[in-house]
Amino acid sequence: MTEAAVQSTSTTPRGTDRQQAARDHLWMHMARHSGPMAGGRVPVITRGSGHLIYDDRGHELIDGLAGLFAVQVGHGREELAEAAAKQSRELAFMPLWSYAHPPAIDLAERLAAGAPGDLNRVFFTTGGGEAVESAWKLAKQYFKLTGKPGKTKVISRAVAYHGTPQGALSITGIPDMKAPFEPLVPGAFRVPNTNQYRAPAGLEDPEVFGRWAADRIGEAIEFEGADTVAAVFLEPVQNSGGCFPPPPGYFQRVREICDQYDVLLVSDETICAFGRIGSMFASTDFGFQPDIITCAKGLTSGYAPIGAMIATDRLFEPFSRGDTTFYHGYTFGGHPVSAAVAMANLDIFEREGLNDRVKTNAPAFRATLEKLLDLPIVGDVRGEGYFYGIELVKDKATKETFTDEESERLLRGFISTALYDAGLYCRADDRGDPVIQLAPPLTMGQTEFDQMESILRSVLTEGLNHL
């Protein structure tokens, strides 16, 4: 492109010009470009305020997904913008490659203080997928350094999503997301998830089901060989598939199994940390001690990109002596501006008591969403804290789900657009059985819960007419 052409396109396009620019140049993430990008209208979100977002036509929507499970404190927080501006003026960039800077030091100290047990070592990334990638690499090298070089494999759950880097995608349990990029990193294996709604016959009791699901992890370790398995990656509440919470005793049994076989337990809290379930870290909410926590999203409430792998002192110990190095890093990991924003974000958490707010309001959120169970299309409402999935079914009595074609017509052909038009931004997902997911900003209360329920009721009532 010539210099003149660059200059001619440097101004921000407006209106229909911006729509055309989006169709011509923007490669959206996880998007079908044969749909709106091919000639229809691309949804363009231009601003946010509190729990509301607005598109380029002025259409107002409730942000029922906190952006992407991230905007914990709501949109338009001036102090977070000011924290970014202040840090940009002082030190806009410095890598953590053998150097440190005050925002990263302060944030690492704060995260270590809030993490359970002796998770005192914080390795910064720019997102959750990178944190998962880092955790697998750490697990492999740790066991090599401690005399168990064969321990390289990992175990995760069916339908679970852990990110898109090659290693994290191997850990991910969604076949359709993996197939286009195979062969992936070898050594990742799957066990059943904790979908109580579709538990096998005879496992209807939650405690029995939880023990069964946990024991499948032990079974997989034994089958692969305990001397070959390095880590188990689990979300406290599994996102993909529609918010599967852990049955009673599940994580306690998993912890026992990991200890028995000397396997690391990684709590992937990319979504679940920072108040989404209630506490700063969801492993605290469910009473288990991981060896590694991976996190991102809510750490800055989405105002700046950052992620972290938080490891125990035991895992760091082999790297604290001699010339041993963890040859791994990211240019923008622990970026000073992002770290400063994270510190200001956590200040808001403390000042406004957001963790306690979630714990107090979570039962009301559940009760409001459970009103939808009177609809014939709603089979299950499940989740914890401010993180819920609503599973849609064709036959409530038998739990029969929709065919792929029916799911396509229902979710993409009607529900997604209808919810948007009705003023609710959330996720209609078919990675597994069809679900609608809600994860609103932590500042929401009963008024907003009722508004979301009302919109969902209206759209879902109409939904069966579009099959």
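Computed from a prediction, not measured in an experiment: that's the story for all the values here. Side chains included, hydrogens not; waters and symmetry mates left out as well; all remaining heavy atoms used.
Below 30°, between 30° and 60°, or above 60°: for Phe251 and Phe288 the angle between ring planes is below 30°, a parallel geometry. In this pair, His162 and Phe233 present their aromatic rings perpendicular. The plane angle is above 60°, beyond the 30 to 60° band.
Using a cutoff of 4.0 Å between basic side-chain nitrogens and carboxylate oxygens, Arg211 and Glu207 are not scored as salt-bridged. Looking at Glu219 and Arg216, a side-chain N of the basic residue comes within less than 4.0 Å of a carboxylate O on the acidic one, giving a salt bridge. Electrostatic pairing of Asp380 and Lys399 does not count as a salt bridge here, judged by no charged N lying under 4.0 Å from a carboxylate O. Salt bridge annotation for Arg253-Glu256: present, with a cationic side-chain nitrogen under 4.0 angstrom from a carboxylate oxygen. Between Glu453 and Arg457, at least one side-chain nitrogen of the basic residue sits less than 4.0 Å from a carboxylate oxygen of the acidic one, meeting the salt-bridge criterion. Between Asp262 and Lys148, at least one side-chain nitrogen of the basic residue sits less than 4.0 Å from a carboxylate oxygen of the acidic one, meeting the salt-bridge criterion.
Contacts of Glu408 classified as salt bridge (Lys or Arg N to Asp or Glu O under 4.0 Å), with partners at least two apart in sequence or in another chain: Arg32, Arg412. Under the rule for a salt bridge (Lys or Arg N to Asp or Glu O under 4.0 Å), the partners of Arg110 that lie at least two apart in sequence or sit in another chain are Asp347, Glu350. Taking Pro200 as the reference, Leu203, Phe209, Trp212 meet the side-chain contact (heavy atoms from CB on, under 4.5 Å) condition, with sequence neighbours excluded. When the ring-ring contact (aromatic ring centres under 6.0 Å, His included) test is applied to Phe69, the partners found at least two apart in sequence or on another chain are Phe387. Partners of Glu182 under the salt bridge (Lys or Arg N to Asp or Glu O under 4.0 Å) rule, at least two apart in sequence or in another chain, do not exist in this structure. Every residue two or more places apart in sequence or in another chain that forms a side-chain contact (heavy atoms from CB on, under 4.5 Å) with Glu222 is listed here: Tyr261. By the ring-ring contact (aromatic ring centres under 6.0 Å, His included) test, Tyr303 is found to be paired with no residue, residues two or more places apart in sequence or in another chain being considered. Shown here are the side-chain contact (heavy atoms from CB on, under 4.5 Å) partners of Asp285, two or more places apart in sequence or in another chain: Ile277, Ser279, Ala282, Lys359. In terms of the side-chain contact (heavy atoms from CB on, under 4.5 Å) criterion, Gln260 has no residue partners (sequence neighbours excluded). For the salt bridge (Lys or Arg N to Asp or Glu O under 4.0 Å) test, residues two or more places apart in sequence or in another chain that qualify with Glu384 are Arg366.
Within the 4.5 Å cutoff, the side chain of Ile221 has heavy atoms near those of the Val263 side chain. Residues Phe332 and Ile306 form no side-chain contact, since every pair of their non-hydrogen atoms from C-beta on lies 4.5 Å or further apart. Using a 4.5 Å cut-off on side-chain heavy atoms (C-beta onward), Lys151 and Lys144 make no contact. Taking 4.5 Å as the limit, every side-chain heavy atom of Glu400 sits out of range of all side-chain heavy atoms of Val393. Contact check for Tyr388 versus Arg382: no side-chain heavy atoms found under the 4.5 Å cut-off. Side-chain contact between Leu410 and Ile377: present, with at least one pair of heavy atoms (C-beta onward) separated by less than 4.5 Å.
Sequence neighbours left out, not one pair with a member in residues 63-74 passes salt bridge (charged side-chain N to carboxylate O under 4.0 Å, His left out). For residues 187-199, the set of pairs meeting the salt bridge (charged side-chain N to carboxylate O under 4.0 Å, His left out) definition, not counting sequence neighbours, comprises Arg198-Glu391, Arg198-Asp433.
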How far apart are the C-alpha atoms of Asp291 and Tyr142, what are their side-chain angles, what is the distance that settles it, and do they pass the side chain to side chain contact (heavy atoms under 4.5 Å, CB included) test?
CA-CA 12 Å; Asp291 299 293; Tyr142 169 78; over 6 Å; no

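Geometrically, Arg121 engages Phe316 in a cation-pi contact, judged by NZ or CZ lying under 6.0 Å from the ring centre and within 45° of the ring axis. A cation-pi geometry, defined here as NZ or CZ lying under 6.0 Å from the six-membered ring centre and within 45° of its normal, does not hold between Lys297 and Phe274.
Side-chain contact check for Gln238 and Thr194: no donor-acceptor pair (N or O, by modelled atom type) lies under 3.5 Å.
Considering CD1 of Ile436 and CG of Leu65, their distance stands at 11.5 Å, rounded to 0.5 Å. Interatomic distance, CG of Leu68 versus CD1 of Ile271, reported as 7.0 Å (0.5 Å rounding). How far SG of Cys258 is from CD1 of Ile217: 6.5 Å, rounded to the nearest 0.5 Å. Interatomic distance, CG of Leu234 versus CG of Asp268, reported as 9.0 Å (0.5 Å rounding).
A side-chain donor-acceptor contact under 3.5 Å links Thr172 to the backbone of Ala168.
Open room surrounds CD on Glu109; 12 or fewer heavy atoms of other groups in view lie less than 6.0 Å from it. More than 12 non-hydrogen atoms from other residues, nucleotides or ligands lie less than 6.0 angstrom from CG of Asp374.
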